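It should be emphasised that the depicted structure is a prediction, and the values quoted were computed from it without experimental measurement.
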Amino acid sequence: MAFLADILSRVQPSATIAVVQKARELRAQGRDVISLGAGEPDFDTPDNIKAAAKAAIDRGETKYTPVAGIPELRKAIAEKFSRENGVDYDWQQVIVGTGGKQILFNAFMATLNPGDEVIIPAPYWVSYPEMVAICGGESVCPKTHLEDNFKLRPEALEAAITERTKWLVFNSPSNPSGAAYTKDEIKALTDVLMRHPNIWVLTDDMYEHLVYGDFTYHTPVQVEPGLKDRTLTMNGVSKAYAMTGWRIGYAAGPKDLIKAMETIQSQQTSGTASISQWAALEALTGPQDFIEKNKAIFQHRRDLVVSMLNQANGLTCPAPEGAFYVYPSCAGLIGKTAPSGKVIETDEDFVTELLQEEGVAVVHGSAFGLGPNFRISYATSEAALKEACIRIQRFCGNCR
């Protein structure tokens with residue numbers, strides 16, 4: 001009898017984590033590597049948030065917390081949804097988890113039975129289908145297209161729906177493409193969902209505050225209140241507040257679903273780290289001005305990277321509306337020969353050769369369900385981004 005569970009045959013390691021680890025290993029060997037694989041702001045957590053954490057320690061806030069989160073934080077989250085999104089939740093409809101991953105995992109664990117289907121538009125964050133697989137569900141992944149800026153069209157959503165569909169995962173702005181949906185684009189999708197009353201919506205709003213130019217952010221329940229009773233709206237403090245290591249995600253939704261997720265979490269981790277929760281409370285209720293300052297820096301980096309990549313032979317890079325990723329196509333290099341003499345047959349070949357030849361670590365698009373593309377995170381210094389793009393241009397120019 002095998003010792004390891006059969007489910008492991010359905011689950012793949014995270015490609016983004018693998019790229020970051022590979023870059024670390026090469027650096028340890030003395031290689032000059034620029035890593036553009038991590039989805040993590042390079043800014044430090046703001047001082048007022050760190051001070052709130054220190055104050056919590058000094059007050060002795062170091063004990064177990066309620067499974068669903070401290071009431072103070074849950075109330076602040078409910079107020080955030082009302083203030084910023086125009087959606088009203090009772091604080092007892094809110095749950096706090098150890099990062100957005102736990103929120104998503106608990107939602108799937110609480111709702112999926114074998115054979116249930118989850119619609120996940122491609123390209124998608126690498127963890128979505130793996131979580132669905134672990135929880136016994138099946139992922140249905142309609143492909144989006146570069147000419148649509150990687151946004152799901154309503155007819156593609158309709159075509160993906162079956163009698164077994166339980167969830168639509170909706171991520172805007174998107175990891176990996178940076179695509180963000182306008183109010184009208186969301187309305188076109190929610191109109192489809194209103195015709196299918198058994199389908200629930202899981203919105204991943206983690207990059208909500210990172211939208212650029214005059215783009216106005218909307219979340220699905222804000223656009224279509226009729227979906228409120230079958231929507232889980234997930235968010236967190238990781239990206240906009242530069243708090244990735246604090247591990248705080250949260251969500252609001254129907255009380256029965258939140259209670260089911262709380263039951264599961266009670267047997268997993270119990271309550272999230274107390275110090276992190278008090279820091280998150282300060283993040284949501286304290287000064288917000290740094291978000292706009294950081295966003296302006298991200299937008300400048302986006303514009304730089306998009307411009308330089310579109311000057312590279314064989315690459316096409318649309319300008320995304322949000323997040324801190326670009327998702328260029330390398331279709332123009334498929335079939336070409338890399339400087340090493342290897343023929344580039346896939347986007348994975350492209351990123352492998354780029355790393356070996358020029359020391360630039362990016363993530364291949366097929367890991368996100370759509371190629372031939374690759375993802376670049378521009379959450380790093382302008383100097384590193386410029387140098388990386390120069391190396392990418394050189395590599396592409398040397399492919400024949």
Problem - CZ on Arg74 to CH2 on Trp91, rounded to 0.5 Å - result: 5.0 Å
Practice task
Look only at the side chain of Ser274 and the backbone of Glu61, and say whether a donor-acceptor pair between them is shorter than 3.5 Å.
Solution key: yes
Handout entry: Under 3.5 Å: donor-acceptor pair, side chain of Ser377, backbone of Ala38
Key = yes
Check residues 109-122 and write down every donor-acceptor pair under 3.5 Å in which the side-chain atom is one partner and the other belongs to a residue at least two apart or another chain.
residue	atom	partner	partner atom	Å
Thr111	OG1	Ala107	O	2.8
Thr111	OG1	Trp167	NE1	2.8
Asp116	OD2	Asn113	N	2.8
Asp116	OD2	Lys166	NZ	2.9
Glu117	OE1	Thr162	OG1	2.6
Glu117	OE2	Arg164	NE	3.4
Glu117	OE2	Arg164	NH2	2.9

Practice task
Using modelled atom types only, decide if a donor and an acceptor are shared between the side chain of Arg301 and the backbone of Thr380 within a distance under 3.5 Å.
Solution key: yes
Problem - Partner set under salt bridge (Lys or Arg N to Asp or Glu O under 4.0 Å) for Lys187, not counting sequence neighbours - result: Asp191
Practice task
Could you list the residues that satisfy side chain to side chain contact (heavy atoms under 4.5 Å, CB included) with Ser381, not counting sequence neighbours?
Solution key: Ala383, Ala384
Problem - Closest non-hydrogen atom pair, Ala367 against Tyr124 - result: O-CE1, 4.1 Å
Problem - pair Thr144-Phe150: side-chain heavy atoms closer than 4.5 Å - result: yes
Fill in the blank from the handout: Taking every heavy atom of Thr346 against every heavy atom of Ile334, the minimum-distance pair comes out as C-CD1, 3.8 Å
Handout entry: Between Asn398 and Glu357, a side-chain donor and acceptor under 3.5 Å
Key = no
Handout entry: Pairing residues for Phe43 by the ring pair (Phe, Tyr, Trp, His ring centres under 6.0 Å) criterion, not counting sequence neighbours
Key = Phe298
Problem - Partners passing side chain to side chain contact (heavy atoms under 4.5 Å, CB included) against Glu262 (at least two apart in sequence or in another chain) - result: Val67, Ala68, Ile95, Lys259
Handout entry: Heavy atoms from other residues, nucleotides or ligands near CD of Gln267 exceed 12 (cutoff 6.0 Å)
Key = no
Handout entry: Val360 vs Val362 side-chain heavy atoms within contact, under 4.5 Å
Key = yes
Practice task
Supply the atom-to-atom distance Ser238 OG to Met206 CE, rounded to the nearest 0.5 angstrom.
Solution key: 5.0 Å
Problem - Side-chain (Thr165) to main-chain (Ile161) donor-acceptor, under 3.5 angstrom - result: no
Practice task
For Asn48, enumerate each residue passing the side chain to side chain contact (heavy atoms under 4.5 Å, CB included) test, keeping only those at least two apart in sequence or located in another chain.
Solution key: Pro46, Glu282, Pro287
Exercise for the section: Look only at the side chain of Asn171 and the backbone of Pro173, and say whether a donor-acceptor pair between them is shorter than 3.5 Å. Expected result: yes
Problem - Value rounded to 0.5 Å, distance of OG1 in Thr203 from CD in Glu208 - result: 9.5 Å
Problem - Polar contact flag, side-chain donor to acceptor under 3.5 angstrom, Tyr241-Gln288 - result: yes
Return a table of donor-acceptor pairs under 3.5 angstrom between the side chains of residues 310-324 and protein atoms on other chains or two or more places apart.
residue	atom	partner	partner atom	Å
Asn310	OD1	Cys317	N	2.7
Asn310	ND2	Val306	O	3.2
Asn310	ND2	Cys317	O	2.9
Gln311	NE2	Ser307	O	3.2
Gln311	NE2	Ser307	OG	3.2
Asn313	ND2	Cys396	O	3.3
Glu321	OE1	Ala180	N	3.1
Glu321	OE2	Lys151	NZ	3.0

Handout entry: Side-chain donor or acceptor of Asp303 paired with backbone N/O of His300 under 3.5 Å
Key = no
Handout entry: Under 3.5 Å donor-acceptor, Gln393 side chain and Met308 backbone
Key = yes
Practice task
Please check if atom CG in Asp6 has more than 12 non-hydrogen atoms from other residues, nucleotides or ligands closer than 6.0 Å.
Solution key: no
Handout entry: Full working for side-chain contact (heavy atoms from CB on, under 4.5 Å) between Val126 and Phe368
Key = CA-CA 5 Å; Val126 295; Phe368 303 101; 3.6 Å; yes
Problem - Thr45 side-chain N/O to Ala242 backbone N/O, donor-acceptor pair under 3.5 Å - result: yes
Handout entry: Ion pair Arg391/Glu387, N-O distance below 4.0 Å
Key = yes
Exercise for the section: Ignoring hydrogens and angles, tell me if any N or O in the side chain of Arg31 forms a donor-acceptor pair with the backbone of Gln356 under 3.5 Å. Expected result: yes
Problem - Any donor-acceptor N/O pair, Lys101 side chain to Gly249 backbone, under 3.5 Å - result: no
Exercise for the section: Using a strict 4.0 Å threshold on nitrogen-to-oxygen distance, state whether Arg195 and Glu158 make a salt bridge. Expected result: yes
Problem - Spacing of Asp88 atom CG and Gln93 atom CD [to the nearest 0.5 Å] - result: 9.5 Å
Problem - Which residues share a salt bridge (Lys or Arg N to Asp or Glu O under 4.0 Å) with Arg83, sequence neighbours left out - result: none
Practice task
Can you establish whether the number of heavy atoms outside Lys336 located under 6.0 Å from its atom NZ is more than 12?
Solution key: no
Handout entry: Approximate separation, where rounding is to 0.5 Å, of Thr272 OG1 and Tyr64 OH
Key = 13.5 Å
When the side chains of residues 128-142 are checked against the rest of the protein, which donor-acceptor pairs come out under 3.5 Å, sequence neighbours left out?
residue	atom	partner	partner atom	Å
Tyr128	OH	Asp204	OD2	2.5
Glu130	OE1	Gln12	N	2.9
Glu138	OE2	Arg10	NH2	3.3

Fill in the blank from the handout: Residue set satisfying ring pair (Phe, Tyr, Trp, His ring centres under 6.0 Å) with Phe81, at least two apart, ordered chain then number -> Tyr89, Tyr250
Handout entry: Ionic contact status for Lys342 with Glu353, cut-off 4.0 Å
Key = no
Handout entry: Exercise: do Thr219 and Asp205 side chains pair donor with acceptor under 3.5 Å
Key = yes
Practice task
State the OH-CZ distance between Tyr378 and Arg375, to the nearest 0.5 angstrom.
Solution key: 11.5 Å
Problem - All ring pair (Phe, Tyr, Trp, His ring centres under 6.0 Å) counterparts of Tyr181, not counting sequence neighbours - result: Phe170
Completion exercise
The salt bridge (Lys or Arg N to Asp or Glu O under 4.0 Å) partners of Glu292 (sequence neighbours excluded) come to Lys295
